[in-house]
Amino acid sequence: LFKTSIFYLLIFTQFINSDVFAQSFTSRLVCSNNSLQNPWEITWGPDNFIWCTQRTGKIVSRINPTNGTIQNLVTISNVFTSTGQDGLLGLALHPNLLTTEPYVYLAYTYLFNAGGNELTRRRARIVRYTYNQNPSSPLLSNELILLDNLPASNDHNSGRLKITQDLKLLYTIGDQGKNQFGNKCDTIRSQYVDFLEGKILRINLDGTAPMDNPFACDCNSLRRYIFSLGHRNPQGIVQSSTGKIYSCEHGPKTDDECNLIVAGGNYGWPNVAGKKDGKYYRLGKWRDSTNCAGINFNDYVDPPPRRIERTFGDANFIQPIKTLFTVDTPYTFFTGSNAYLYWPTIAPSSIDIYETGPIAVFNNCLLVTSLKQGRLYRLQLDATGNSVVGDTATFCKSQNRYRDICFSADKTKIYIACDNTGQTSGPTQGSALNPVNPGNILEFSLLPEDLKKNIFFKESNFSKNTEFLQAVLGEKILQNE
Ligand SMILES: [Ca+2]
Ligand SMILES: [Ca+2]
Ligand SMILES: [Ca+2]
């Protein structure tokens, strides 16, 4: 009897893993492959078009979601992009775009010092363009620089831009990839309130600092722009209709995070990764090790001196509402080729909130796109919006790197933008998969049946390397083994 039960359990598990997803959503390509050059932000506009920034293309486009027609509204020659995470990044539309305030807000990196190194060559700026909606030749023009000289590097630039209900801009800036790879001998400044690295900024629409920002009393310093600190690489940010701000950020080998962002909150990096639980992560400062420049960076051996996270005592420290994912200590990381694909992190590239709509399985959920896994992660919020509850479920799987998400206005369709290559945009340039839909946008809509069954795998599966292999790379890789 025992053996029979196991047998049926296996059959059931295989059914869940292979078939249910395909029965739940149908997908369609919006454009043709490689018609976009690293689409980075997609936003559903009040004109019912998809507004898109092309990171390496330096182009802002308006895409007809029905027939895939791409209208280029402006090419910004001042954008600087080489290898890495630079280029044309965030976009936010003024809510009155089509009526009284025809403004589009953009963020991009520009060349500051051609002779500089990876931490000094570039800077970032936030600009405003004016939209001329002439039906025959719509265009963006009249660049107005709102905020200049923001930190930028080859790594962890973040760059998401969102406009809030109270008409402020939120802008995310990562830790610039310091203390790792080629930037290993530079100190992470996410905790330093006079630097804008590793921060979420809150900015008036004219580029000034709001007087009600948490550090606004110190009016002449950069800290007046800071809304929250202690971030690593927050590539996603969204505000709910009730005003709550959520952000997702890339962790180190463990502990990608989803955070509820509050004014003045300290999100811990680099002293804490994920929750302050002492699991796996500890801060090793390469700069403080002997002969930093002369030793090779190593992902697995933190240099001395090391700091354990329980020693971090900031009173404003706020733990994530969800980590993706945390492993127990000790934990043995896979170290073979393209090892990062097998780490417990998902590389969360954007976040959105599906509050209510016809896709019942997403009601009151945060949706996070994953670069590593070509999946959409569903994080179910509780009624207060302050906590994530239940198992993490994934949807919309494909062999691509998912960069950003938007919904149609009626919430029947989900759009996901895909990177052009399978390689990471970090300095390692690791490449492990050939994306099926490079430089394209996928449209997902729900088939009417099977709303309840499409949980693809459960978080409890994340316990061993072999299971990571299955979860991260899916059936295709398993067939190759
Ligand atoms: Ca978006
Ligand atoms: Ca954190
Ligand atoms: Ca931790």
Side-chain angles (χ1 to χ4, degrees), residues 39-45 49-53 55 60 63 65 89-93 105-107 158-163 170 172 174-175 188 190-191 198-200 228-239 246-262 265-283 307-312 314 316-329 331 344-345 348-354 366-369 376 402-409 413-418 441-442:
W40 202 84
E41 170 67 44
I42 50 172
T43 296
W44 190 269
F49 279 60
I50 297 171
W51 289 64
C52 175
T53 59
R55 182 176 65 82
V60 182
I63 301 167
L89 302 171
L91 171 149
L93 304 176
Y105 303 89
L106 299 166
S158 298
R160 287 283 171 212
L161 194 58
K162 284 287 151 67
I163 192 162
L170 294 174
T172 66
D175 70 1
I188 295 170
S190 301
Q191 293 292 325
K199 307 296 188 304
I200 293 175
S228 62
L229 65 149
H231 298 288
R232 185 172 184 272
N233 191 19
Q235 266 188 358
I237 192 162
V238 67
Q239 187 182 40
Y246 302 92
S247 174
C248 61
E249 67 179 69
H250 298 254
K253 291 196 296 303
T254 65
D255 293 295
D256 288 341
E257 297 181 355
C258 174
N259 289 302
L260 179 59
I261 303 296
V262 300
N266 184 335
Y267 291 82
W269 183 254
N271 303 69
V272 179
K275 296 182 174 168
K276 201 164 83 172
D277 52 13
K279 289 186 178 180
Y280 185 76
Y281 176 76
R282 56 190 180 181
L283 171 62
R307 234 178 116 168
I308 60 170
E309 61 184 18
R310 286 190 201 281
T311 62
F312 184 64
D314 191 297
N316 296 317
F317 172 64
I318 297 174
Q319 305 210 106
I321 57 172
K322 182 68 186 169
T323 64
L324 300 161
F325 290 93
T326 303
V327 293
D328 284 321
T329 307
Y331 182 81
T345 44
S349 51
S350 68
I351 192 168
D352 212 328
I353 184 166
Y354 193 96
L366 296 169
L367 298 177
V368 177
T369 53
L376 192 60
Y402 287 169
R403 181 58 64 175
D404 193 28
I405 182 173
C406 67
F407 313 130
S408 58
K413 296 183 176 66
I414 290 169
Y415 296 89
I416 298 179
C418 301
I441 296 171
L442 310 182

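Nothing fancy with the numbering, it's 1 onward along the sequence. For ligands, and for the atoms within them, numbers begin at 1 and follow the listed sequence.
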Under 3.0 Å from the Ca ion (ligand 1), is there an N/O/S atom belonging to [X]?
X: Asp352; answer: no
X: Ile42; answer: yes
X: Ala417; answer: no

So Trp40 and Arg160, side chain to side chain contact (heavy atoms under 4.5 Å, CB included) or not? Walk me through it.
-> CA-CA 9 Å; Trp40 202 84; Arg160 287 283 171 212; 3.4 Å; yes
Could you tell me whether any N, O or S atom belonging to Glu249 is less than 3.0 Å from the Ca ion (ligand 2)?
->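 False for Glu249.
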Got an N, O or S from Gln319 under 3.0 Å of the Ca ion (ligand 2)?
->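 Not a single backbone or side-chain N, O or S atom of Gln319 is under 3.0 Å from the Ca ion (ligand 2).
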Atom nearest to the Ca ion (ligand 3) - Glu309, N, O or S atoms considered =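 Nearest N/O/S atom: OE2.
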Starting from the Ca ion (ligand 3), look over the N/O/S atoms of Asp277 and name the nearest one.
->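 For Asp277, the N, O or S atom at the smallest distance from the Ca ion (ligand 3) is OD1.
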Please name the pair of heavy atoms, one in Arg310 and one in Asp277, separated by the smallest distance, quoted to 0.1 Å.
->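 Closest pair (atom of Arg310, atom of Asp277, distance): NH2-O, 2.9 Å.
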Of all N/O/S atoms in Asp404, which lies nearest to the Ca ion (ligand 1)?
->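 Among the N, O or S atoms of Asp404, the one closest to the Ca ion (ligand 1) is OD2.
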Could you please compute the angle at the Ca ion (ligand 1) from OE2 of Glu41 to O of Ile405, rounded to 10°?
->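 O of Ile405, the Ca ion (ligand 1) and OE2 of Glu41 span an angle of about 160°.
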Is it the case that the side chain of [X] and the backbone of [Y] share a donor-acceptor pair, with hydrogens and angles ignored and the cut-off at 3.5 Å?
X: Ser247; Y: Gly236; value: yes
X: Glu257; Y: Ala273; value: no
X: Glu41; Y: Asp404; value: no
X: Gln191; Y: Trp269; value: yes

Mind checking whether the Ca ion (ligand 3) has an N, O or S of Ala273 under 3.0 Å?
->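 Here the distance criterion (N, O or S atom, under 3.0 Å) is met by Ala273, so yes.
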Can you tell me if Lys275 has an N, O or S atom under 3.0 Å away from the Ca ion (ligand 3)?
->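 Yes, Lys275 qualifies, because one of its backbone or side-chain N, O or S atoms lies under 3.0 Å.
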What distance separates Ser408 OG from Lys413 NZ, expressed to the nearest 0.5 Å?
->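 The distance works out to 6.0 Å.
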To the nearest 10°, what's the angle at the Ca ion (ligand 2) between atoms OE2 (Glu257) and O (Tyr267)?
->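 Computed angle, vertex at the Ca ion (ligand 2), rounded to 10 degrees: 160°.
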The single option from Phe407, Trp51, Tyr415, Phe49 passing ring-ring contact (aromatic ring centres under 6.0 Å, His included) against Trp44 |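 Option passing the ring-ring contact (aromatic ring centres under 6.0 Å, His included) with Trp44: Tyr415.
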